[in-house]
Amino acid sequence: MSSLLQHVWILPALMGLSFLTILFFGKKLPYKGAEIGIFSVGVCLLLALGSGVAWIDRSNNPPEEHGATATAEHAGEEGAAEEEHAEEEGAATDEEGAAGEEGEHAAEEGGEEEHAVPPVLTEKTWFSSGGVDFTVGTFVDGLSVMMLIVVSIISLLVHIYSTDYVGGDRRYTHYFAFLSLFTASMLMLVMSRSTVQFITAWELVGLCSFALIGHWWEEKPNSDAALKAFLTNRVGDVGLLVGMIILFFAAGSFDIPAINEAAATGEIRHFLLLVASCCLLAAVMSKSGQFVLHTWLPDAMAGPTPVSALIHAATMVVAGIFMVARFYGVFWEGFSIGTAHVNPLAVVGAVTLLFGGLLAFVQSDIKKVLAYSTVSQLGYMAMALGVGAWTAAVFHLFTHAFFKAGLFLGSGSVAHSVHSFDMKQDMGGMKRFMPKTFATFVVCSVALAGVPPLAGFWSKDEILAGASGSGGLSGYPVMLWMGIVGGGLTAAYMTRCIYLTFFGEPRGKAADPHHAPHESGPRIVVPLYILAGLAIVAGFANFPFGPESIKLRFEHYVEPVAGYFPEISHPTFTLWIAVASTGLALVPIGLAYLYYWQGRFHGLTERVGLARAGHTLLVNKYYLDHLYTGVIANGTKGPVARATYWFNQNVLDGIVNGTATVAVAVANWTYRYIDQGVVDGTINGSGAASNGIGQALRQFQTGRVQQYGALLFGGAVVLAGIFVFAI
Amino acid sequence: MLLNQFLLLAAVLFSIGVYGVLARRNGVLVLMSIELILNAVNINLVAFGAYHGTVSGQVFALFVIAVAAAEVGVGLAIVLLLYRNRQSIAVDEVSSMKG
Amino acid sequence: MILAAEEALVAQNIFFGLIAAGTIFGALRVVTTKNVVHAALWLVLVLAGVGANFLLVGAEFTGVTQVLVYIGAIVVLFLFGTMLTRSPIGRDEDVDNPAWYLGLIVAVPLLALLSYAVWDQWGDDHIDSLTPAAAQTTADVSDSIFSTYLVAFEAIGFLLTAALIGAIVLARKE
């Protein structure tokens, strides 16, 4: 078993092979290549579960501490066998199997908490250039193993689901080929040992995302969405590249554990770590859809629904979160997470979770609700990492993968039946037609809303406990309150979503008498059942009560205890937070129930100016897309001056006028809010300035390359002069 | 020999090259001036290589020569295209980027 | 002072002075002559001077390559370019920009700055790798290219191919 940990590279290699096979021979096969993909992922899942068992065995018997005494080995094997059984049932309920093992090791357990569990490392030189060896290898610890299991489970279910959902598609074979490639890259990402390998896998994941979002590229919005996702990610990738380069020169190595260790022991100057962390944060913001770079994620819903479930809910977007978790030594020191009370990562996460939750309210496309919900939940994870609750963040990643994939696949099931994603126009009353989908959707929603005892409650509660500063963590009070409010929002928008989709009278296409909606086939429903089941039980993997053998198993196995990981403290279960977050899950559900089912408070947006203004702002997604496409994209397309001029004429006037109209109508404090918010503060103030600068800059745009060259060289001379004489 | 004598020669060549790039109107002459700049860099590379006693400087100079060959190839192709479209290779007439 | 430094290397220093003077004169003619073909021929002088400098510091292979590639190939390419674009073969009054003084404004401070920086940093440092033991042979260069810098070498090969294709695509008639 333990040799499996040495050879985890087999998993991505298998999926890569599957990609090539499907690509070249898929069309000639009886099931057009889908069978190869499903078979490979299935094998991967088995191997991942096997490595999970091996890892649990290893952390119970760290190699240095416990020699191969016959009894210990025997006991370990028994425990492992039991666990395998438990994991196949639920993949997350490893506490059962662990219990058997723990019982036999109870005596040793007390002292074992402090012992380091070294990760399993392998290394090979890929190539060497300029005297530097570029190594690749595997880096397997609890985190990698957990990610391997999550990725394989979700990928397998999505593969099965896709055979029905995209069945008969004209690029069916290519679709499965790219699913394989995506799985391969994600598996490689989570086991990367060197930063070079990490970046390669990261980019491959982005590439597959591009290809799959644009799967139906004949329609312009789809290819636009794919491009947007790709380009937005490129913005963050620059940060990733710069950050990794800084870390390479600071630590003198591409080795991730070595970099973390150098950061944790203070070998790297704090300033360098701070700069590197900020650069890497940009990458997290783009990949994991954090606020200001999140706009690609909702658009990416243009891809097939299973792709949304696989890429934009459960696996790819968590790559950013995983990166922070992987480089936690760097972030921990760089942002002084353990001692500060506010830091960029926590702020970005908290703002994202709040704003994403608000945006989810005004969407009428069911997938967009889920997309913004994903943005919001990713914000939770980033915030948790920012406040030092590492385990809580990773645990939320784990639970969120199951219920969010379940929600996406559920929404796909509904859309498959009514051929539309629009909740307001084409759905309603679907409960009658699709009872199975309805049941799983509700279970996953409740899990997402954080109602105990489902999965979302345990992870979210742990995040909030971490932000409150219990258990010796540094407290982040602002983040705590934002998190609690965000939890309430989650509950409310999911209730709205369920109401619009499953209750009321059928509308639009759902009411079409010729194509009455029907329950989806088994290949769609069975994955939904499995995911709903996981959404129920996954939370118990880190159950905070009970005897040693049940308590906090997830934390025990997943959190590294080694030199490359900072010594973090753990939040303890806090009753008032649990009560508050439960209340904040149930009260909004109640309010939303009153609003939608009983018809209370209707016409609120018509009557109250404040509510109307908020609604307008949300419908326009905080005007961020206008800002990006209007100002930044078009600004770079043409020469600076013309763009500035154009921007002044169109975007600025449009936005400012629009804002002004809204602002006049609303109460004073809302005016201040918008004024200081995204639009006015940044843009209105710079209006006059940009006009002047534009006119001035126009003089330099003669179009003569040599004048530009003269300015370039002249500028370089001046800069070099400053370096030579002043520094 | 002093290291400086090579570096100074390179500095002079580089500056002459910069002057040529900025002052010449004929596309082919601009490309020639770029060659002057690249040669100045090569002198520096080889001189520093000798100074530090490694062959890396020479290797890089060889790479620069290869890149220069590619650059001249593409550059002349562009000049040719320019001539075909405008019957002139005066670089200051190409000003469609005027704002 | 360059010429007076060390007795043992007097000959080399004299040659360096001659070569440097020729190179700089050639370079100045390249950027001032009115005749494009003459400019190309002056460029030959500059390139040969640079090649001779390579020989002076013991970089034979690079020096030979410089002569072969630059003078043998690139200058010929320039002459072809001149002919293909039917630039006037004789004198041409129109080879300089109206704003040629911009070049001076940039180049003179650049030269001053570079000279100062170089002088400041490497005042009296010597190149003393000319003893036989420390000489860099062609074998060393090739070893380095094909081991340490193998990836860069591959990249250059790729670049050359791409440039070749690009040049053909650009220059062919529709």
Side-chain angles (χ1 to χ4, degrees), chain B residues 1-9 11-29 31-33 35-36 39 42-43 46-47 49-51 53 55-59 61-63 65-74 76-81 83 89-90 92, chain C residues 2 5 9 12-13 16 20 24 27-28 30-31 36 39 43 50 53-54 57-59 62 65 69 73-74 77-78 81-82 84-85 87 94-97 100 102-104 106-107 110-111 114-115 118-119 122 125-127 129 134 136 140-141 144-145 149 152 156 159-160 163 166-167 170-171:
Chain B
M1 284 182 294
L2 288 174
L3 173 62
N4 259 340
Q5 64 198 49
F6 293 100
L7 300 187
L8 285 174
L9 173 63
V12 173
L13 274 188
F14 190 91
S15 303
I16 293 174
V18 168
Y19 167 80
V21 169
L22 298 181
R24 295 302 233 177
R25 192 158 178 266
N26 184 311
V28 176
L29 289 174
L31 285 178
M32 288 185 195
S33 306
E35 294 310 309
L36 291 183
N39 270 285
N42 272 354
I43 293 180
V46 172
Y51 176 64
V55 289
S56 296
Q58 286 194 56
V59 173
L62 288 169
F63 286 157
I65 291 175
V67 172
E71 177 255 337
V72 170
V74 177
L76 280 176
I78 292 173
V79 169
L80 208 60
L81 204 62
Y83 177 76
I89 53 170
D92 61 344
Chain C
I2 288 170
L9 294 171
Q12 284 183 350
N13 279 326
F16 175 81
I24 292 171
L28 283 174
V30 169
V31 296
V36 183
L43 189 62
V50 173
N53 269 315
F54 291 168
V57 288
T62 316
T65 312
V69 174
I74 294 182
L77 212 55
F78 274 127
T82 313
L84 283 173
T85 55
S87 300
D94 207 20
V95 290
D96 277 346
N97 263 333
W100 60 272
L102 264 183
L104 268 191
V106 174
L110 179 65
L111 178 59
L114 283 178
S115 312
V118 163
W119 204 263
W122 281 285
D125 290 6
H126 292 266
I127 295 178
S129 63
Q136 302 151 342
D140 291 336
V141 175
S144 184
I145 288 181
Y149 296 107
I156 294 278
L159 176 82
L160 276 175
L170 281 178

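Residue numbers start from 1 in every chain, and the chains themselves are labelled A, B, ... in the order their sequence lines are given, proteins ahead of strands. What you see is a predicted model; the values in this text were computed from it and never measured.
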Taking ring pair (Phe, Tyr, Trp, His ring centres under 6.0 Å) as the definition, give me every residue that meets it alongside C/F78, ordered by chain and number, with sequence neighbours left out.
none
Measuring from B/L62:CG to C/I145:CD1, what's the distance to the nearest 0.5 Å?
5.0 Å
Could you measure the distance from the CG atom of C/N53 to the CD atom of B/Q5? Nearest 0.5 Å is fine.
8.5 Å
Contacting region of [X] [heavy-atom separation from chain B under 4.5 Å]:
X	answer
C/A73	neither
C/I24	both
C/L43	side chain
C/V118	both

Results of side-chain hydrogen bond (donor to acceptor under 3.5 Å, both in side chains) for B/S56 - residues two or more places apart only
C/Y149
Does B/L2 form a side chain to side chain contact (heavy atoms under 4.5 Å, CB included) with C/W122? I'd like the steps, not just the answer.
CA-CA 9 Å; B/L2 288 174; C/W122 281 285; over 6 Å; no
Heavy-atom pairs under 4.5 Å with chain C: which of [options] has the most?
options	value
B/G17, B/A23, B/A77	B/A23
B/L80, B/N4, B/L7, B/L81	B/N4
B/V74, B/V72, B/L22, B/I16	B/I16

Indicate yes or no: at least one non-hydrogen side-chain atom of [X] is less than 4.5 angstrom from one of [Y].
X	Y	value
B/L13	C/V50	yes
B/N42	C/F54	yes
B/F14	C/L110	yes

If every non-hydrogen atom of [X] is compared with every non-hydrogen atom of [Y], which pair is closest and at what distance?
X	Y	result
C/A107	B/S15	CB-O, 3.5 Å
B/Y19	C/L104	CD1-N, 3.5 Å
B/M32	C/V30	CB-CG1, 4.3 Å
C/I156	B/A66	CG2-CB, 3.7 Å

Between C/I74, C/V69, C/L114, which residue shows the highest count of heavy-atom pairs closer than 4.5 Å to chain B?
C/I74
If the test is side chain to side chain contact (heavy atoms under 4.5 Å, CB included), which one of B/V55, B/V59, B/V46 qualifies with C/T62?
B/V46
Need one label for [X]: side chain, backbone, both or neither, based on atoms under 4.5 Å from any heavy atom in chain C.
X	answer
B/L9	side chain
B/L3	both
B/L29	side chain

